[in-house]
Amino acid sequence: MTVYLVGAGPGDPGLITRRGLELISQAEVIVHDRLIPTELLAQARPDALILDVGKRGGGSSTPQEEIDRLLVEHGSRTVVRLKGGDPFVFGRGGEEVEALLAAGIPFDVVPGVTAGVAAPAAAGIPVTHRSAASAVAFVTGHEDPAKAEVGGTKSSLDWDALARFPGTLVVYMGARQLEAIAQRLISGGREPDEPAAVIERGTLPDQRVLEGTLRTVGRLGARAPAIAVLGSVAALRHQLPLAGLSVAVTRARAQASSLVARLRSLGAAVLEAPAIRIEPIDGPVPDLEPYDLVCLTSPNGVRFLFDRLAAVGRDARALGAAWVAAIGPGTAAALRQYGVIADVVPEEFTAEGLLEALTDQPVERVLVARAAEARDVLVNTLRDRGAEVDVLPLYETVAEPLSAEQRAAAGQADYVTFTSSSTVKFFLQSTGGQPPQGRIVSIGPITSATLREHGLEPHVEASRHDIDGVVQALLDDVARR
Ligand code: SAH
């Protein structure tokens with residue numbers, strides 16, 4: 001019926017448009033490149049036909065004519081042609097559109113976030129800046145400028161004009177030719193000391209940023225996929241408060257993304273060293289009818305509670321008239337996703353804070369839905385107050401072994417963040433008790449106590465016990481030093 005050319009964004013699965021995601025979930029056929037976030041395919045219909053036409057392992061990709069032919073062949077169905085970044089920025093989307101036009105197949109284009117803007121942004125580099133660059137050029141680094149001219153085949157790019165371009169040059173597909181490109185720009189008159197940066201695998205967990213000048217950028221050892229930023233904006237990342245600092249994040253990979261993204265956007269080099277993993281526990285579907293209060297102590301708890309309910313076709317209505325208490329704003333936000341507005345959210349995001357907020361709440365039967373292993377203070381205190389309390393264990397935290405590189409990198413990072421007691425326990429288990437060399441950041445008093453039990457004194461403790469609080473505490477510490 002229609003072929004949708006959809007931009008998948010630069011790598012972080014959160015950077016696709018809403019419309020793109022909606023189309024993925026409806027498509028009968030998905031034809032995708034290699035450089036797309038594979039998580040997005042999990043949103044496809046179970047019966048969707050998924051065709052990978054990308055290059056892999058140095059092998060060759062499906063030729064463009066073959067891709068054009070595939071799109072036309074399936075054009076009587078709902079097809080999503082999923083392309084990395086934006087479909088029209090060095091994506092050969094134009095050629096696919098021509099093939100569809102020629103075949104009379106209706107099509108639509110859904111733009112995407114292009115790597116040339118997103119990867120620099122993730123490294124703290126704005127591609128334009130009021131005082132540093134009022135223009136930006138997107139350039140393909142595909143062709144070697146020297147060869148193109150020496151060999152007689154004329155380059156499609158005017159390198160002398162690009163050398164004089166008064167603004168930022170953003171080079172796609174240039175990892176291999178960077179040295180030749182930089183030399184050509186210098187011989188065209190561009191300033192050799194101009195700042196330059198290369199962002200490899202931008203927006204992805206293993207993003208790497210290399211820095212230098214136009215003179216050195218070709219020798220930094222950049223590997224594809226990478227974006228090179230040539231221009232004075234490349235130096236602006238040093239204005240960011242965490243520039244030049246490395247920060248290790250020990251929380252579970254599935255939960256780390258918001259903290260990782262925040263730290264990166266402040267200029268930090270983030271090392272992911274997930275010491276824990278969250279696993280749901282199988283169990284019966286809870287009957288929530290008898291409870292007048294349901295307490296949720298983490299976003300995971302919310303998710304796994306609703307997963308259990310959904311498995312038998314139930315939803316938020318199972319909560320009936322019960323009061324719902326969330327331990328903090330993250331848990332409250334998770335509840336909102338299921339259409340539930342928490343009745344109680346304490347000012348201090350701990351079990352003690354929640355108990356304080358519940359002081360005047362008369363309750364008889366309480367359900368505490370939480371991790372298998374958790375502190376008893378909430379349950380015990382509610383019992384002391386005369387309530388009948390049931391505990392519903394929904395998930396457990398298990399150790400995630402760290403690789404030797406992760407251990408070494410985290411051990412040497414300037415800061416190591418611990419966002420729960422279990423990250424402390426399992427991190428130290430994984431390092432064989434070896435403490436990190438950098439400054440230790442704790443999310444709050446409970447995690448700090450666990451650190452002390454293991455003989456480590458936190459250098460920084462967040463006064464707000466959530467991700468925002470951790471980031472703020474880190475910023476304050478950097479500012480003080
Ligand atoms: N249409 C895509 C670009 C396709 S060309 C877009 O709009 O982003 C492929 C090139 O994009 C790669 O060689 C690399 O230069 C760049 N690229 C794609 N994803 C990237 C990422 N996550 N980080 C850095 N560069 C990336």
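When reading the values below, keep in mind they use all heavy atoms of this one structure, side chains included, and skip hydrogens, waters and symmetry mates. One-based numbering, in listed order, for ligands and for the atoms of each.
- Salt bridge status for Asp282 with Arg308: absent, with no side-chain N to carboxylate O gap under 4.0 Å.
- Considering only heavy atoms from C-beta on, Leu335 comes within 4.5 Å of Leu296 through its side chain.
- Of all the heavy atoms of Arg201, the ones lying under 4.0 Å from any atom of ligand 1 belong exclusively to the backbone.
- Considering backbone and side-chain atoms alike, Glu200 places every N or O at 3.5 Å or more from each N or O of ligand 1.
- Applying the ring-ring contact (aromatic ring centres under 6.0 Å, His included) rule to Phe306 yields the partners Tyr338; only residues at least two apart in sequence or on another chain are considered.
- Atoms of ligand 1 found under 4.0 Å from any heavy atom of Thr114, numbered from 1 in the order shown, are 6 (C), 7 (O), 8 (O).
- Of the polar atoms of Leu204, none of the N or O atoms is found under 3.5 Å from an N or O of ligand 1, judged by distance alone.
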List the steps and the verdict of side-chain contact (heavy atoms from CB on, under 4.5 Å) for Leu214 and Leu185.
CA-CA 8 Å; Leu214 190 57; Leu185 289 169; 4.3 Å; yes
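- Less than 4.0 angstrom separates some heavy atom of Ile227 from each of these atoms of ligand 1: 15 (O), 16 (C), 24 (C), 25 (N).
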Could you give the side-chain donor-acceptor pairs of residues 25-32 under 3.5 Å, partners two or more places apart or in another chain?
unit_1, atom_1, unit_2, atom_2, d
Ser25, OG, Glu22, O, 2.7
Glu28, OE1, Thr78, N, 2.8
Glu28, OE1, Thr78, OG1, 3.4

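- Looking at atom 2 (C) of ligand 1, its nearest protein heavy atom turns out to be Gly84 O, 3.1 Å.
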Would Tyr4 and Phe107 count as a ring pair (Phe, Tyr, Trp, His ring centres under 6.0 Å) if you check the C-alpha gap in whole Å, the side-chain angles of each, and the deciding distance to 0.1 Å?
CA-CA 6 Å; Tyr4 296 93; Phe107 66 88; 9.9 Å; no
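- Distance check: Arg223 CZ to Leu210 CG gives 8.5 Å after rounding to the nearest 0.5 Å.
- Checking each of Arg184, Arg215, Arg219 against Glu179 for a salt bridge (Lys or Arg N to Asp or Glu O under 4.0 Å) leaves exactly one that passes, namely Arg219.
- Considering Ala226, Pro225, Gly174 only, the shortest heavy-atom separation from atom 15 (O) of ligand 1 involves Ala226.
- Below 4.0 Å from some heavy atom of Pro10 lie the following atoms of ligand 1, by number and element: 19 (N), 21 (C), 22 (N).
- The residue from Thr423, Thr417, Thr419 that alone fulfils the side-chain contact (heavy atoms from CB on, under 4.5 Å) condition with Val249 is Thr417.
- Nearest protein heavy-atom neighbour of atom 9 (C) of ligand 1: Met173 CG, 3.8 Å.
- For ligand 1, none of its N or O atoms has an N or O atom of Pro87 under 3.5 Å away.
- Among protein heavy atoms, the minimum distance from atom 11 (O) of ligand 1 is reached at Tyr172 CD2, 3.6 Å.
- Contact annotation: for Ala175 versus ligand 1, there are no heavy atoms closer than 4.0 Å.
- Distances between N or O atoms of Gly202 and those of ligand 1 include at least one value under 3.5 Å.
- Here the protein heavy atom with the shortest distance to atom 1 (N) of ligand 1 is Val89 O, 2.7 Å.
- Shown in contact with Ile199 at under 4.0 Å from a heavy atom are these atoms of ligand 1, numbered in order with element: 24 (C).
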Set out, in order, the CA-CA distance, both residues' side-chain angles and the distance that settles side-chain contact (heavy atoms from CB on, under 4.5 Å) for Leu5 and Val3, then state yes or no.
CA-CA 6 Å; Leu5 264 70; Val3 174; 4.1 Å; yes
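- With salt bridges taken as basic N to acidic carboxylate O contacts below 4.0 Å, none links Arg69 and Glu65.
- Contacts of Thr203 with ligand 1, taken as heavy-atom pairs under 4.0 Å, are absent altogether.
- Looking at Phe90 next to ligand 1, no N or O pair under 3.5 Å apart turns up.
- Considering each of Ala8, Gly141, Ala115, the one bringing a non-hydrogen atom nearest atom 8 (O) of ligand 1 is Ala115.
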